[in-house]
Amino acid sequence: MISIYKTVEAELTSVDKIEEGCWISVTKPTSEELARLQEETKIDLDDLRAPLDDEERSRIEVEDGYNMILVDIPSLDEKDRYVTIPLGIYMTKDLIVTICLEESPVLKAFENKRVREFYTFKKTRFVFQILYRNATSYLRYLRIIDRKSDQIEEKLHVSQKNSELIELLELEKSLVYFTTSLRSNEVVLEKLLRTESIRKYPEDEDLLEDVIIENKQAIEMANIYSGILSGTMDAFASVISNNLNIVMKLLATVTIVLSIPTMIASFFGMNFDNIPLGHASYGFVTIIILTLLVSLLVALFFRKKNLF
């Protein structure tokens, strides 16, 4: 889908055709839409397809007539897992083009007019505003991940099941994705700061420095949360393993105690004429009492050894 926006009298307006100073927002484009976009913007078709590859790395490329900035943005997949997807930003002489695999809150904030001092014709500032919004989105997702991990940890205190550990594993994988993408974005931002082909005004440089600071903060938060989550998983894995050992020890102790009546009953059940208490009228009661007494003594011994 292709949407075209332009700032008219300080107000973001949707327009029908590509004009100078407009912003072309492309989401999940078809081959026909990409061909049309290539024809009207003169951007190489391979560059336009780059953000549509999940494995595409973040980078900056300076081409004839345009600059391409590729960064990773946070997203939720169809299973509500936290992942990252590429976002392509293209700066030509007259316009800005953004391409993404799916609708993103990063760009939706601009489309819904929730960003102040946003003008489509101020191309450099617009790009830096997108990058700043992206960095703050990472911070927001990281806080959500931290809250979810706390909730799962509370569940694990009550019921230690595999499902909770699997949820923690998914969150840990998401943090790995975030950390990797944030580090790639950091390289892009540092290079963007040094790139002379993108003209930057003093206020734009200040904004870019703010983006770099926010991105570094997101990297630190991701590393901290990842370390905490990894330690939590190791701790609960040890607790579950210890609980299993306790249960196995209890079952082994109970098995030994219960085997005593079986052994005594087997001994007195042998078919011999001279077996002790074999012909006594009180033999059965005596054997029962003897069995209970020996079982009780063994149970008390195990209890003293903290095996119960």
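None of the values given here were measured: they were computed from a predicted structure.
Without hydrogens or angle criteria, Thr136 side chain to Tyr132 main chain gives a donor-acceptor distance under 3.5 Å. Without hydrogens or angle criteria, Tyr66 side chain to Thr41 main chain gives no donor-acceptor distance under 3.5 Å. With Asp72 contributing its side chain and Leu87 its backbone, the two residues share no donor-acceptor pair below 3.5 Å. One N or O on the side chain of Glu33 and one on the backbone of Met1 form a donor-acceptor pair closer than 3.5 Å. The backbone N or O of Asp146 sits less than 3.5 Å from a side-chain atom of Ser149, completing a donor-acceptor pair. Of the possible donor and acceptor atoms, one in the side chain of Asn215 sits under 3.5 Å from a partner among the backbone N and O of Leu182. Asn112 places a side-chain N or O within 3.5 Å of a backbone atom of Lys108 that can act as its donor or acceptor partner.
Once rounded to the nearest 0.5 Å, the distance linking CZ of Phe126 with CG of Leu95 reads 11.5 Å. Separation of atoms CD (Glu209) and CD (Glu214) is listed at 13.0 Å; rounding is to 0.5 Å.
Criterion: ILVMFWY side-chain heavy atoms under 4.5 Å apart, direct or through other members. Under it, Val188 and Ile96 are part of a common hydrophobic cluster. Hydrophobic clustering (ILVMFWY, side-chain heavy atoms < 4.5 Å, transitive): Val127 and Ile43 are in distinct clusters. Both Leu139 and Leu229 are assigned to one and the same hydrophobic cluster, defined by single-linkage of ILVMFWY side chains at heavy-atom distances under 4.5 Å. Hydrophobic clustering (ILVMFWY, side-chain heavy atoms < 4.5 Å, transitive): Ile85 and Val97 are in distinct clusters.
Between Ile24 and Leu37, the shortest heavy-atom distance links the atoms CG2-CD1, 3.9 Å. When all heavy atoms are compared, the tightest approach of Pro105 to Arg114 is O-NH2, 4.5 Å. For the pair Cys100 and Pro29, the tightest heavy-atom approach, listed with the atom from each and the gap, is O-CD, 4.2 Å.
Under 4.0 Å is where a charged nitrogen must lie from a carboxylate oxygen, and between Lys216 and Glu186 at least one such pair does. Electrostatic pairing of Glu56 and Arg59 counts as a salt bridge here, judged by a charged N lying under 4.0 Å from a carboxylate O.
Residues Ser226 and Ile228 have side chains not in contact (no heavy-atom distance under 4.5 Å, counting atoms from C-beta outward). With a 4.5 Å cut-off on side-chain heavy atoms, Arg57 and Ser184 do not count as touching. At a threshold of 4.5 Å between non-hydrogen side-chain atoms, the residues Asp47 and Glu63 count as touching. Side chains of Val83 and Phe178 form no contact here, defined as non-hydrogen atoms less than 4.5 Å apart.
Ring centers of Phe110 and Tyr5: at least 6.0 Å apart, outside the cut-off.
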Before you tell me yes or no, could you show the steps for Arg36 and Glu40 under salt bridge (Lys or Arg N to Asp or Glu O under 4.0 Å), namely the whole-Å CA-CA distance, both residues' side-chain angles and the distance that decides it to 0.1 Å? CA-CA 6 Å; Arg36 171 196 164 194; Glu40 297 191 16; 3.3 Å; yes

Subject >> Residues Leu171, Leu175; criterion side chain to side chain contact (heavy atoms under 4.5 Å, CB included); working and verdict >> reply: CA-CA 6 Å; Leu171 292 181; Leu175 289 174; 5.6 Å; no

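More than 12 heavy atoms of other shown residues, nucleotides or ligands fall within 6.0 angstrom of atom CZ in Phe121.
A donor and an acceptor atom, one from each side chain of Ser181 and Thr84, are located under 3.5 Å apart.
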